[in-house]
Amino acid sequence: MATDLDGTALRADGTVSPRTVAAFGRVEESGSVLIFVTGRPPRWMRGLAGVVRHHGLAICANGALIYDLHTEQIVESHLIAVDVLEEVVAQLRANVPELVFSVEYEGGFAHESDFRLGRLDSKAPDVLRLDAGALTARPCAKLLALHPGMGGDELYATVHGLVGNLVTATHSSGRGLIEMSAQGVTKASALAVLAARHDIKPSQAVAFGDMPNDLPMLSWAGTSYAVANAHPAVLAAVDHVTAANDDDGVALVLEELFG
């Protein structure tokens, strides 16, 4: 069983409801494999590791990083190389000059001075402010591009058209923020590898999501669910729709499957 976190298994305030915690426990008790598959970086996972009693692995940064919830360590990385990173930023800067950038490294986060931080990063003590040259000086898990005016769908189409041959772009928030991973790296690519290690076929997998970055995973899984608050493209792509994240939609399904 694979589930996205923000907007899907987590409530709007970022918490996990007691009902969802109990439902995750049912999955584990049944002997099934539970995997969190998220756009979150590992540094945002520490407070959630206890939800599954520090068991198992989490796919982070849209597939770029595999995080061991027991040791709270990154165990696999698929990074954007420096030359690719520099080329992508140059191409986007030349064609969409309003963009500002930030970078998620294996061990931290850095941003340009004009990048408007989200709720979690605005409170983080270890966030660095760097100029563009320093930002792209080492490989990274995710390159993020923020536009002050475009919506996510429009900006995705623009970015994909410009640099889709170099990186894999997606988006998962309500603002004009695009997340880019190394070419071919998605939630589905990482999930397929972990599933194969557990002898799990796609037809045996159940996945939950809410945003476009979940689409590869939802297409890969034999059974796919969207929460009711999901992006229209996700609602159109899945096999089933459950209740919204704030109404414990994931837990509702898990109680039926593992009751």
Side-chain angles (χ1 to χ4, degrees), residues 1-24 26-27 30 32-40 44-45 48 51-52 58-63 118 142 151-157 160 168-179 181 185-192 194-195 200-259:
M1 197 285 290
T3 184
D4 173 54
L5 292 174
D6 294 283
T8 302
L10 304 188
R11 290 180 167 175
D13 63 2
T15 61
V16 190
S17 75
R19 183 177 182 182
T20 298
V21 171
F24 287 158
R26 291 189 185 192
V27 177
S30 75
S32 296
V33 177
L34 170 64
I35 300 175
F36 293 151
V37 190
T38 178
R40 285 183 173 223
W44 289 4
M45 293 297 293
L48 293 170
V51 170
V52 289
I59 294 169
C60 295
N62 294 327
K142 278 203 303 186
D153 292 335
E154 180 186 5
L155 184 57
Y156 164 77
H160 178 70
T168 296
T170 189
H171 65 103
S172 63
S173 71
R175 57 182 180 156
L177 179 66
I178 299 302
E179 306 164 51
S181 303
V185 172
T186 67
K187 289 187 174 188
S189 67
L191 184 58
L194 291 186
I200 299 170
K201 299 175 182 177
S203 60
Q204 298 171 301
V206 179
F208 298 83
D210 75 309
M211 289 297 285
N213 65 328
D214 296 316
L215 286 169
M217 171 180 71
L218 295 170
S219 297
W220 175 85
T223 304
S224 58
Y225 285 85
V227 285
N229 53 287
H231 187 282
V234 175
L235 292 170
V238 296
D239 303 314
H240 309 282
V241 177
T242 185
N245 63 324
D246 282 341
D247 297 321
D248 296 320
V250 172
L252 192 155
V253 176
L254 296 181
E255 288 164 356
E256 294 178 357
L257 295 177
F258 298 96

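Please read all numbers here as calculations on a predicted model, not as lab measurements.
Put simply, the side chain of Ser32 reaches to within 4.5 Å of the side chain of Phe258, judged on heavy atoms. For the pair Leu48/Leu10, a side-chain contact is recorded, criterion being any heavy-atom separation below 4.5 Å from C-beta on. No side-chain heavy atom of His231 sits under 4.5 Å from any side-chain heavy atom of Leu215.
A donor and an acceptor atom, one from each side chain of Thr8 and Asp210, are located under 3.5 Å apart. Side-chain contact of Glu179 with Asn213: a donor-acceptor pair under 3.5 Å is absent, judged by distance alone. At a cut-off of 3.5 Å, with distance as the only test, a side-chain donor of His171 or Asp153 sits close to an acceptor on the other residue. Using modelled atom types and a 3.5 Å distance limit, the side chains of Asp239 and Ser224 yield a donor-acceptor pair.
Nearest heavy-atom pair across Trp220 and Pro202 is O-CB, 3.4 Å. Between Ile178 and Ala169 the shortest heavy-atom distance is CG2-CB, 3.9 Å. Closest non-hydrogen pair, Val234 versus Gly209, comes out as CG1-O, 4.1 Å. When all heavy atoms of Val37 and Ala2 are compared, the closest pair comes out as CG2-CB, 3.8 Å. A pairwise comparison of heavy atoms in Ala221 and Ala205 identifies CB-O, 3.8 Å as the closest pair. Scanning all heavy atoms of the two residues, the minimum distance from Lys142 to Gly39 falls at NZ-O, 2.9 Å.
Partners of Arg11 according to the salt bridge (charged side-chain N to carboxylate O under 4.0 Å, His left out) rule, which considers only residues two or more places apart in sequence or in another chain, are Asp248.
A distance of 15.0 Å separates CE of Met1 from CD of Gln204, quoted to the nearest 0.5 Å. Interatomic distance, CZ of Arg40 versus CD1 of Ile59, reported as 15.5 Å (0.5 Å rounding). In this structure, Phe208 CZ and Asn245 CG are separated by 13.0 Å, a value rounded to the nearest 0.5 Å. Separating the OG atom in Ser172 from the CG atom in Asn62 is a distance of 6.0 Å, to the nearest 0.5 Å. Between the OG1 atom of Thr38 and the NZ atom of Lys187 there is a distance of 5.5 Å, given to the nearest 0.5 Å. For the atom pair OG1 of Thr3 and CZ of Phe36, the computed distance is 7.5 Å after rounding to the nearest 0.5 Å.
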Go through the steps for His160 and Thr168 under the test side-chain contact (heavy atoms from CB on, under 4.5 Å), then give the verdict. CA-CA 8 Å; His160 178 70; Thr168 296; over 6 Å; no
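Judged by distance alone, with hydrogens and angles left aside, the side-chain atoms of Asp13 form a donor-acceptor pair with the main-chain N or O of Thr15 at under 3.5 Å.
Checked against Tyr225 for a side chain to side chain contact (heavy atoms under 4.5 Å, CB included), the options Leu252, Leu254, Val238, Val206 give a single hit: Val206.
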